[in-house]
Chemist: 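Below are the structure tokens for one structure; questions will follow.
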Amino acid sequence: MSGILWNLLFFIVALGILVAVHEYGHFWVARRCGVKVERFSIGFGKAIWQRVGKDGTEYTIAMIPLGGYVKMLDERVDDVPPEQKDMAFNNRPLWQRSAIVAAGPLANFLFAIVAYWLVMVMGTPAIKPVIGEVAPQSIAAQAGLESGMELTAVSGIQTPDWESVNLQLISHIGDDEMTLSVMPNESAGYTVDKSLDLTTWSFDPEYQSALRTLGLTPYSPEITNVIAQVIEGSAAEQAGLQVGDKLVSVDGQTVDDWSLIVNVVRAHPEMMLPIVVNRDGRDMTFSLTPNSREQGNKQVGYAGFAPQVGEWPETYRFTLQYGPLEAIPAAMDKTWQVVVLTAQMIKKLFTGDVAVKNLSGPISIAKGAGMTADFGLVYFLGFLALISVNLGIINLLPLPVLDGGHLLFFGVEAVTRRPVSERVQDIGYRVGSAIIVVLMAVALFNDFARL
């Protein structure tokens, strides 16, 4: 329950920040264009806090934190006194109305740049993307990739760490080919390009790793058979296993690497397994009954212990950090990469290259907010930047209930020299609302299916 409340708290915090940024974009430009703003609201429904500013705007925080709005003076909505007609939104020039509407998504993009700038100035610990193993006959093996190579770029985009690599790999879902730039070894002073044939590549981003489905395993230090952690209340603790125990055999199979232990445990949910460990120089036998948890469409076993892992080579570890000035173009470039990736994913969602089941809703966002908050401020800022870009892109979709729909109508007005009729706008709002409701329903269904 505490985990749910934690996720909910940071979901509200994250959404509140992003909605405030978006609506402030509309508000700020509207005021600069001489439009009277009657209400600035974060959330919907009954107000839990409000006050009227010296500028005459009513500032409100409402109970339902799932959005917000800026209510501007508009003759199409209310009666406007003659002396205030020039301050009505509908009476402003077309370019000003367009600027006011576009300012919301633009504010989200600017916020993402600022958030990524803070992340880059604060710095994050990172690992160089060095290949550990390449699966035989895999897509990666056929392209000539080998163990020890360092991935430096994906289709021309620099990838200093594994996060960057994964971000760019996901952008190639549904593509026919991809180019990886690699450094043959740590001492090499040059890179070579490897072309990957992706015509047979398909995977479920929810449950599968893009790297592993290509046949790549990241380098990691040696994993021993010695237990380094036993989670409180887990099946491992209940069985009597302790930190420092060296696993000798599981279910009668001699343990030669940790992956064997994982595979056996996963294959036996709620089933008793004899497990032999060496403790203080002598072998001891215990009965382990892995807990069961759902993954995909099946139940897998979970024991609740972790192994000792060797030290990372110092040359592989670094802090990804920039100075205040050099972080500015880096943050802008990162934001642009996420904008392009998000736009590509939306396009591939409609073309069928990305499955509809990968669409996420507020529950997944809440879980992401809680998890990144656990890791620290720098990761939470990165999460906010990512969601802010998504919010900006989605609001630019040409659906009449969104900012992009209003901009579409303004574009038609610019060509025809007259506003789109209210009847056409009304039909557009109805269709747009229906599409949004359907997408939200699908996203919520996917969220509940992942629980």
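Being a predicted model, the structure only gives us computed values, none of them experimental. We're numbering straight along the sequence, starting at 1.
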Chemist: Can you tell me how far CZ of F410 sits from CD1 of I100, rounded to the nearest 0.5 angstrom?
Modeler: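 That separation rounds to 8.5 Å.
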Chemist: So which atom in D161 and which in P129 form the shortest heavy-atom distance, rounded to 0.1 Å?
Modeler: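 Heavy atoms of D161 and P129 come nearest at CA-CD, 3.9 Å.
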Chemist: For G304 versus S234, what's the shortest heavy-atom pair and its separation?
Modeler: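 Shortest heavy-atom contact: O-OG, 3.4 Å.
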Chemist: Counting only N and O atoms by type, is there a donor-acceptor contact under 3.5 Å from the side chain of T60 to the main-chain atoms of A62?
Modeler: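 Here the side-chain-to-backbone pair does not exist.
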Chemist: Report the distance from atom CD1 of I170 to atom CG of N166, rounding to the nearest 0.5 Å.
Modeler: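 The distance works out to 6.0 Å.
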Chemist: Treating D333 as the side-chain partner and P329 as the backbone partner, does any N or O pair qualify as donor plus acceptor under 3.5 Å?
Modeler: no
Chemist: Check whether the side chains of Q299 and S292 place a donor and an acceptor atom closer than 3.5 Å, and report yes or no.
Modeler: yes
Chemist: Counting C-beta onward and ignoring hydrogens, is there a side-chain heavy-atom pair between L169 and M178 closer than 4.5 Å?
Modeler: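 They are in side-chain contact.
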Chemist: Taking all non-hydrogen atoms of both residues, which atom of G123 and which atom of V378 are closest, and how far apart?
Modeler: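 Of all heavy-atom pairs spanning G123 and V378, the closest is O-CG2, 4.0 Å.
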Chemist: Take V35 and M87 through the side-chain contact (heavy atoms from CB on, under 4.5 Å) test and state the conclusion after the steps.
Modeler: CA-CA 5 Å; V35 175; M87 292 189 290; over 6 Å; no
Chemist: Mark yes or no for whether K85, through its side chain, and N91, through its backbone, hold a donor-acceptor pair below 3.5 Å.
Modeler: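 The answer is no, because no donor-acceptor pair under 3.5 Å joins these two groups.
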Chemist: Hey, does Y322 have a side-chain heavy atom less than 4.5 Å from the side chain of W117?
Modeler: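 Contact flag for W117/Y322 side chains = no.
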Chemist: Heavy-atom count check: over 12 atoms from other residues, nucleotides or ligands less than 6.0 Å from Q337 CD?
Modeler: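 Yes, CD of Q337 has more than 12 neighbouring heavy atoms, counting only those of other groups under 6.0 Å.
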Chemist: Taking atom CZ of R32 as the centre, report whether more than 12 heavy atoms of other residues, nucleotides or ligands fall under 6.0 Å from it.
Modeler: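 Counting neighbours around CZ of R32, more than 12 heavy atoms of other residues, nucleotides or ligands fall under 6.0 Å, so yes.
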Chemist: Within a strict 4.5 Å, meaning less than it, do heavy atoms of the L145 and L196 side chains meet?
Modeler: yes
Chemist: Whether the side chain of R97 engages the backbone of R92 through a donor-acceptor N/O pair (distance < 3.5 Å, no angle test) should be reported.
Modeler: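 Here the side-chain-to-backbone pair exists.
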Chemist: Flag yes if more than 12 heavy atoms outside E413 fall under 6.0 Å of its CD atom; otherwise flag no.
Modeler: yes
Chemist: To the nearest 0.5 Å, how far apart are CG in L341 and CD1 in I173?
Modeler: 8.5 Å
Chemist: Are W312 and F318 an aromatic pair, judged by ring center distance below 6.0 Å?
Modeler: no
Chemist: Carefully, step by step, assess W258 and F305 under the rule ring pair (Phe, Tyr, Trp, His ring centres under 6.0 Å).
Modeler: CA-CA 11 Å; W258 190 262; F305 53 53; 5.5 Å; yes
Chemist: In Å and rounded to the nearest 0.5 Å, what is the CE to CG distance from M332 to L110?
Modeler: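 Rounded to the nearest 0.5 Å, the CE-CG separation comes to 9.0 Å.
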Chemist: Does the S388 side chain pair with the main chain of A385, one donor and one acceptor, at a distance under 3.5 Å?
Modeler: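 Between the backbone of A385 and the side chain of S388 there is no qualifying donor-acceptor contact (under 3.5 Å).
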Chemist: Could you report the tightest heavy-atom contact between N395 and P105, atom names first, then the distance?
Modeler: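 Answer, listing the atom of N395 first, then P105: CB-CG, 4.0 Å.
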Chemist: Would you say the side-chain atoms of N90 pair up with the backbone N or O of E75, donor to acceptor, closer than 3.5 Å?
Modeler: yes
Chemist: Roughly how far, to the nearest 0.5 Å, is the CG atom of L386 from the OH atom of Y116?
Modeler: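 Nearest 0.5 Å value for the OH-CG distance: 5.0 Å.
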Chemist: Can you tell me if T179 uses its side chain to pair, donor with acceptor, with the backbone of S155 under 3.5 Å?
Modeler: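 Here the side-chain-to-backbone pair does not exist.
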Chemist: Checking the side chain of T342 only, and the main-chain atoms of N390 only, is there a donor and an acceptor separated by less than 3.5 Å?
Modeler: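 No; judged by distance alone, with no hydrogens or angles, the pair does not exist.
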Chemist: Suppose we screen for side-chain contact (heavy atoms from CB on, under 4.5 Å). Which residues come up paired with R31, at least two apart in sequence or across chains?
Modeler: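 Checked R31 against side-chain contact (heavy atoms from CB on, under 4.5 Å); matches are F27, V37, D55, T57, Y59.
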Chemist: Under 4.5 Å between any side-chain heavy atoms of S171 and V340, yes or no?
Modeler: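 No, side chains not in contact.
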Chemist: Is the count of non-hydrogen atoms from other residues, nucleotides or ligands lying under 6.0 Å from Q84 atom CD greater than 12?
Modeler: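 Above 12, so yes.
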Chemist: So does M183 have more than 12 non-hydrogen atoms from other groups sitting under 6.0 Å from CE?
Modeler: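 Yes.
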Chemist: Could you tell me whether a side-chain N or O of Q321 sits under 3.5 Å from a main-chain N or O of M122, the two making a donor and an acceptor?
Modeler: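 Yes, Q321 side chain to M122 backbone: donor-acceptor pair under 3.5 Å.
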Chemist: If every non-hydrogen atom of M72 is compared with every non-hydrogen atom of A30, which pair is closest and at what distance?
Modeler: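 Of all heavy-atom pairs spanning M72 and A30, the closest is SD-CB, 3.7 Å.
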Chemist: So do the side chains of K128 and Y219 get within less than 4.5 Å of each other, counting heavy atoms only?
Modeler: no
Chemist: Going by the side-chain contact (heavy atoms from CB on, under 4.5 Å) test, name the single residue among L214, L216, T217 that passes it with V134.
Modeler: L216
Chemist: To the nearest 0.5 Å, what is the distance between CD1 (I387) and CD1 (I17)?
Modeler: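 The distance works out to 12.5 Å.
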Chemist: Any side-chain heavy atom of L320 sitting closer than 4.5 Å to one from E163?
Modeler: no
Chemist: Can you confirm whether Q137 is buried at CD, in the sense that more than 12 heavy atoms of other residues, nucleotides or ligands lie under 6.0 Å from that atom?
Modeler: no
Chemist: Just say parallel, tilted or perpendicular for the rings of H22 and H26, cut-offs at 30° and 60°.
Modeler: perpendicular
Chemist: May I ask you to check whether T199 and D176 show a side-chain donor-acceptor distance below 3.5 Å?
Modeler: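 Not at all, the side chains of T199 and D176 share no donor-acceptor pair under 3.5 Å.
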Chemist: Could you walk me through whether Y302 and V265 pass side-chain contact (heavy atoms from CB on, under 4.5 Å), step by step?
Modeler: CA-CA 6 Å; Y302 172 73; V265 169; 5.7 Å; no
Chemist: Could you tell me if the side chain of L151 sits less than 4.5 Å from the side chain of W162, heavy atoms only?
Modeler: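 W162 vs L151: side chains touch.
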Chemist: Could you give me the CA-CA distance, side-chain angles and deciding distance for E146 and K194, then say whether side-chain contact (heavy atoms from CB on, under 4.5 Å) is met?
Modeler: CA-CA 11 Å; E146 299 176 359; K194 301 290 185 178; over 6 Å; no
Chemist: How close do P290 and A235 get, counting heavy atoms only, and between which atoms?
Modeler: CA-CB, 4.1 Å
Chemist: Could you tell me whether the side chain of Y190 reaches within less than 4.5 Å of the side chain of P184, counting heavy atoms only?
Modeler: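 Yes, side chains in contact.
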Chemist: Quick one, K71 with S41, criterion side-chain contact (heavy atoms from CB on, under 4.5 Å). Give me CA distance, side-chain angles, the key distance, then yes/no.
Modeler: CA-CA 8 Å; K71 185 177 185 294; S41 178; over 6 Å; no
Chemist: Report the residue from I113, L167, V389 that forms a side-chain contact (heavy atoms from CB on, under 4.5 Å) with K334.
Modeler: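 With K334 as partner, I113, L167, V389 yield a single side-chain contact (heavy atoms from CB on, under 4.5 Å), made by L167.
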